[in-house]
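Worksheet: the structure to be examined is printed underneath.
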Amino acid sequence: MKTKVITSKDVHLFYGNFEALTGIDLDFNEHEITAMIGPSGCGKSTYLRILNRMNDLIPGVKITGDIRLEDQDIYAPDTDVVALRKRVGMVFQQPNPFPFSIYDNVVYGLRLAGVKDRTTLDAAVETSLKQAAIWDEVKDKLHDSALSLSGGQQQRVCIARVLAVQPEVILLDEPTSALDPISSTQIENMLLELRDQYTIIIVTHNMHQASRISDKTAFFLQGRLVEFDDTKKMFLTPKQKETEDYLSGRFG
Amino acid sequence: MNAKQKDRLATGVLYTIAVLIVLILASLLGYILVQGLPHVSWHFLTSPAKAFEAGGGIGIQLFNSFYLLLLAMLISVPISLGAGIYLAEYAKANRLTDIIRTAIEILSSLPSVVVGLFGFLVFVLQFHFGFSILSGALALTMFNLPLLTRNIEDSLRQVDFAQREAGLALGLSRWETVIHVVIPEALPGIITGMILGAGRVFGEAAALIYTAGQSAPALDFTDWNPLNIASPLNIFRPAETLAVHIWKINSEGIQPDAAAVSAGASAVLILAVLLFNVLARFLGQRLYKKMTAE
């Protein structure tokens with residue numbers, strides 16, 4: 001039995017009067033990759049953003065339900081959102097490196113946490129960039145602007161930036177949908193490498209990506225969680241008719 | 001006439017207008033520089049003005065202009081930064097924000113002579129600052145604040161929302177995200193706006209006539225104690241600036257070489273303002289390039 005890192009029960013999310021998530025129960029195991037799939041607008045990204053409270057930024061959003069990181073209630077009034085986001089890192093659809101050097105991007109979180117020691121920072125940069133499978137490509141130009149890199153490289157620097165602060169959970173919101181196939185494959189392989197150390201939750205539009213890299217898959221449709229199971233099981237023998245239709249490309 | 005001919009005609013008209021504008025600017029600049037530059041010398045730039053005889057310079061006025069500019073920027077930059085950050089990052093879309101925005105727009109459309117008279121009534125008379133650098137700097141702040149605030153707000157808004165998300169998702173607080181991510185990224189635009197604002201302030205006359213005053217008492221450039229009345233650093237002394245000096249000479253100058261002094265001073269003023277503009281472009285582009293590595 002694997003340890004559950006994040007548990008959520010009966011999660012509802014409202015944009016004003018519109019109910020975008022209608023009671024989601026979903027748990028995530030430690031050191032597994034969980035994929036969330038479903039057609040556009042099904043609520044999978046919205047759900048993902050609940051887990052590190054990125055929806056707080058959007059006016060008019062109301063969230064109910066019990067969502068916990070280990071034992072801590074993520075939405076408790078006394079939860080330190082800043083500390084939460086240090087434990088639950090996030091990678092976005094569009095690579096969004098800061099307009100600084102590659103080095104400065106990676107150590108950003110550490111510097112703000114007060115780490116000043118040069119050797120520690122250097123070591124963190126090397127480790128994180130190696131984990132993000134981009135060290136060999138950038139080791140000779142660490143002090144070049146991160147914006148001079150290609151989209152795929154930028155996305156891996158963004159992942160290294162998240163890894164550097166050593167989160168427990170990494171959320172990825174369609175991290176490869178803006179990238180070419182080769183860059184996508186590199187990122188997929190990297191995620192498989194990272195699985196042993198992190199709990200990874202990835203939203204993807206690409207069913208094949210989900211089947212290639214994930215241990216578990218959650219299928220969302222119109223704000224509902226239709227099915228959640230081992231990826232192999234779900235792709236071979238889906239229990240629900242809707243899942244089967246979606247996986248076989250009949251809609252979505 | 002078919003579409004192609006119309007297009008050609010429109011292109012021609014627009015082209016002519018553009019050339020016309022450039023020509024007007026070039027001839028204006030050329031005229032001022034040709035008239036004025038022959039009178040500009042080291043002596044002219046450094047010696048004090050003379051009221052009744054020929055051979056006066058603009059040294060004190062030039063110093064006053066820069067000093068006043070420095071003080072005005074020292075006051076207006078922090079305030080406009082605060083206002084700009086508030087409006088771009090924190091203000092909610094509600095009535096209060098609307099009122100603030102409208103107030104800033106009105107302030108920015110006030111004629112500078114009105115700002116000057118306001119400064120005269122409030123700073124010079126009410127606060128007893130007298131005709132002084134301080135009154136002038138405060139009046140210039142009134143004049144500069146709305147434009148600077150707007151510039152800073154616009155520059156901050158141009159930073160992609162994804163950058164803010166990146167900062168927040170990394171565990172930065174909202175304030176840290178603004179300070180460490182958004183402002184550095186908006187910096188080229190902010191700096192450009194500040195320097196352009198500095199150029200505007202440097203050439204301003206109407207707001208200063210009744211605030212910083214129209215006289216330039218002799219200064220002792222060896223005395224740097226800001227409390228002494230003859231010290232260049234004293235902020236309670238009257239301080240005629242270059243732009244005010246030009247206005248003064250032309251309206252009531254009785255020096256035999258008034259025309260020459262006016263022409264020379266105008267040339268210096270124009271050059272300084274041009275310099276601010278070139279500097280703004282240069283620094284803005286340099287910073288932008290450095291940050292984006294393009």
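Since the model is a prediction, treat every value here as computed from it, not as a measurement.
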message = Does atom CZ (A:Arg111) have a neighbourhood of more than 12 heavy atoms from anything else shown, all under 6.0 Å?
response = yes

task = Report the option among A:Cys158, A:Ala83, A:Pro59, A:Pro97 that has the most heavy-atom pairs separated by less than 4.5 Å from atoms of chain B.
result = A:Pro97

query = So, do B:Pro184 and A:Phe100 sit near enough that their side-chain heavy atoms are less than 4.5 Å apart?
reply = yes

query = Counting heavy-atom pairs under 4.5 Å to chain B, which of A:Arg87, A:Gln93, A:Arg49 comes out on top?
reply = A:Arg49

message = If we define contacts as heavy-atom pairs under 4.5 Å, which of A:Arg161, A:Gln94, A:Met90 has the most with chain B?
response = A:Arg161

task = Look at atom CG of A:Asp78 and say whether more than 12 heavy atoms of other residues, nucleotides or ligands are closer to it than 6.0 Å.
result = yes

message = Contact between A:Tyr108 and B:His180 at the side-chain level, heavy atoms closer than 4.5 Å - yes or no?
response = yes

ask   = Shortest non-hydrogen contact from B:Ala166 to A:Asn96?
value = CB-ND2, 3.2 Å

ask   = Checking heavy atoms, do the side chain of A:Phe92, its backbone, both or neither come under 4.5 Å from chain B?
value = side chain

task = Tell me, out of A:Asn52, A:Val165, A:Val91, A:Leu112, who's got the most heavy-atom pairs with chain B below 4.5 Å.
result = A:Leu112

request  = Output the distance between atom CG (A:Leu147) and atom CD (B:Glu185), rounded to the nearest 0.5 Å.
outcome  = 7.5 Å

ask   = In terms of heavy-atom contacts, does CD1 of A:Ile182 have more than 12 from other residues, nucleotides or ligands at under 6.0 Å?
value = no

note = In terms of heavy-atom contacts, B:Leu170 and A:Lys86 come closest through O-CG, 4.1 Å

